[in-house]
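In what follows, chains are A, B, ... by sequence order, proteins preceding strands, each numbered from 1.
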Amino acid sequence: MSQEKQTDIDGRMKLLLRGTEAVYTTDELTRRLEEATKPLRIKYGMDPTAPDIHLGHSVVLGKLRQFQDLGHKAVLIIGDYTARIGDPSGQNTARPTLSPEQIQENAKTYFQQAGKVLDTSSGKLEIRYNSEWLAKLTMMDIIHLTAKKTVAQMLQRESFKTRLAADQDVFLHEFLYPVVQGYDSVVVEADVELGGTDQTFNCLVGRDIQRAYDQRPQIVLIMPLLVGLDGVEKMSKSKGNYVGITDTPNDMFGKIMSIPDTLMENYFTLLTDLPAERITELVDGEKTHPREAKAALAKTIVERYYDKSAAEAAADEFDRVFSSKQTPTEIPEIAVPAGTIGIIDLVVQAGFAKSNGEARRLISQNAVSIDGDKITDTEADVNPQNGQILRVGKRRFGKIVLK
RNA sequence: GGGAGUGUGCCCGAGUGGACAAAGGGAUCAGACUGUAAAUCUGACGGCGUACGCCUACGGUGGUUCGAAUCCACCCGCUCCCA
């Protein structure tokens, strides 16, 4: 092999391994890249029940994109058939069964969002529904398929093992999920499969199944779970500690600015393509002011989902509102009846407080102002004018519109 | 089928007849400070009333009691042990 090609491979490996939680195996990946005469097929399974994508999901999608950028092909599997089994990776039992229409709908939303990360040009992306082949399997096929794995092997899986140890139910059909997911790999002839840590077992079973079908086992790249904005729990919608990839640039920027400093390095590594050396510089408090580093992080991420000018604008807006303490450029309007009104009512009507008590509290905590004039008397009456700015706390603004 | 537990505010969790709108922590919100919606500190944190107050709330229903989150009965949910 030529010196150049070898350097090239080294460079690619460095990029592809970055941020990974585990790789099975690194050597195989190197070899596969070296030997490749055509684009590798990179499989990623999507769950048709969760169409709202946030930065946590984007970690794996971003890795998929890296493969695409290196000339490989993303193969997205929509688990419309497997979704009906119920993956035991979680914990509890039945998830709701989705209708074909719902699955279609979810898949559509998913692509709209995933398209912000992935390269959707036709040569780079292949989309497959696994009902295409799973619905056709006969009983005999299934018996053959399940004969490839032993019960002991299945019980290696943590969630099976612990449930069994705790005398909890493990249903037979749950064993099918990993095996069937592995069969997906056979059908699409996956060279590589990507997944989050919770998918480790399933992805690895895929290797065994492929071997059993005389295919080269796929290489498995496991990506870590992204920590949420609170710096503690994993990012998830239900925890509210997430950045949605459809969030507005300003929200995205602001939310990222709110992460603990200690989380920056992790975010840089998993959510941006900045070179490792650059990240080291940015994260080093001696070399870069933490605020600047975080702003750079936020800008890079916003740029990924929008563009450079949107990122600049979001950064300017943030400085404007929080550093210079000025009013934002865009302020949502709040409709208010004309005439004199108690300040408590005004705050409640603007939707800035859920109850009079909360409004009263905000006022007595010096949080409320109109056109910059603080109002601290909870009993004050005001006579709002069109265009005045009602502000509550640091972040909530409303432009008064009389109705 | 038998037995033992357990269910508290957005979440976790203390409380085992009155001093309980209910300790503590987390989350959230506000203020101060700052480097930012970081960190730290302070405060607020069921609803209504300016306050004494009233209402709603401790799985559900009913009961005992002057008085119940706390005791009793039944019901519902969850967990564990035995079969």
Side-chain angles (χ1 to χ4, degrees), chain A residues 55 91-94 162-169 227-244 247-268 282-302 311-328 331 342-345 347-370 372-381 390-398:
Chain A
L55 289 185
Q91 41 286 308
N92 299 336
T93 38
T162 52
R163 278 160 60 195
L164 208 60
D167 291 322
Q168 289 174 346
D169 291 333
V227 178
L229 298 176
D230 53 15
V232 183
E233 306 224 55
K234 74 167 185 179
M235 184 174 283
S236 83
K237 196 179 177 188
S238 56
K239 295 248 166 45
N241 60 358
Y242 72 106
V243 181
D247 281 358
T248 63
N250 286 347
D251 268 357
M252 215 179 246
F253 193 94
K255 283 183 184 178
I256 292 161
M257 288 304 277
S258 81
I259 63 170
D261 288 0
T262 48
L263 206 58
M264 281 198 280
E265 183 167 11
N266 182 251
Y267 271 38
F268 266 121
L282 283 166
V283 173
D284 184 343
E286 303 280 297
K287 292 194 173 130
T288 313
H289 194 288
R291 190 195 176 279
E292 294 311 312
K294 205 180 285 177
L297 172 68
K299 255 196 248 184
T300 310
I301 292 173
V302 173
E312 295 289 348
D316 288 348
E317 183 75 2
F318 190 86
D319 283 344
R320 186 183 152 82
V321 176
F322 298 110
S323 300
S324 324
K325 304 201 191 301
Q326 295 176 318
T327 53
I331 302 178
I343 185 65
I344 290 176
D345 283 346
V347 170
V348 172
Q349 288 212 10
F352 292 150
K354 286 194 286 293
S355 64
N356 292 354
E358 188 179 345
R360 180 172 291 118
R361 194 187 317 139
L362 288 165
I363 294 161
S364 54
Q365 285 178 149
N366 278 331
V368 177
S369 66
I370 292 179
D373 296 328
K374 288 242 161 146
I375 297 178
T376 51
D377 177 7
T378 54
E379 300 314 305
D381 282 326
L390 174 68
R391 175 177 189 171
V392 174
K394 291 190 190 102
R395 296 158 57 184
R396 286 171 289 176
F397 295 87

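When heavy atoms are screened at a 4.0 angstrom cut-off, A/Leu229 is found touching no nucleic acid atom at all. Using a 4.0 Å heavy-atom criterion, one finds that A/Gly254 contacts the bases of the nucleic acid, with or without backbone contacts as well. A/Asn366 comes within contact range of the sugar-phosphate backbone alone, with a heavy-atom separation under 4.0 Å but no base atom that close. Counting any heavy atom pair closer than 4.0 Å across all strands shown, A/Pro260 reaches sugar-phosphate atoms only and no base atom.
OP1 or OP2 of B/A30 has not a single side-chain nitrogen or oxygen of A/Arg395 nearer than 4.0 Å. Put simply, A/Arg291 has a side-chain N or O that comes within less than 4.0 Å of OP1 or OP2 on B/U36. Regarding contacts with the backbone of B/G47, every side-chain N or O of A/Asn356 stays at 4.0 angstrom or more from both OP1 and OP2. Between B/G47 and A/Ser355, a contact under 4.0 Å exists linking OP1 or OP2 to a side-chain N or O.
Nearest to the side chain of A/Arg396, among B/A37, B/A30, B/C45, sits B/A30. In the set B/A30, B/G35, B/G49, the nucleotide with an atom closest to the side chain of A/Pro290 is B/G35. Among the nucleotides B/C45, B/G35, B/A37, the one closest to any side-chain atom of A/Arg361 is B/C45. Distances from the side chain of A/Arg360 to the nucleotides B/G49, B/A37, B/C29 place B/G49 closest.
B/U50 is unpaired under the Watson-Crick or G-U wobble criterion, no partner having all donor-acceptor distances under 3.5 Å. Nucleotide B/C45 forms no Watson-Crick or G-U wobble pair with any nucleotide shown, as no partner meets the under 3.5 Å limit on both distances. For B/G17, there is no paired base (Watson-Crick or G-U wobble, both distances below 3.5 Å). Nucleotide B/U34: unpaired (no Watson-Crick or G-U wobble partner with both distances less than 3.5 Å). In a base pair of the Watson-Crick type (N1 to N3 plus N6-O4 or O6-N4) or a G-U wobble (N1-O2 and O6-N3), with each distance short of 3.5 Å, B/A4 is matched with B/U79.
The separation of B/A83 from B/C10, taken at their C1' atoms, amounts to 41 Å, rounded to a whole angstrom.
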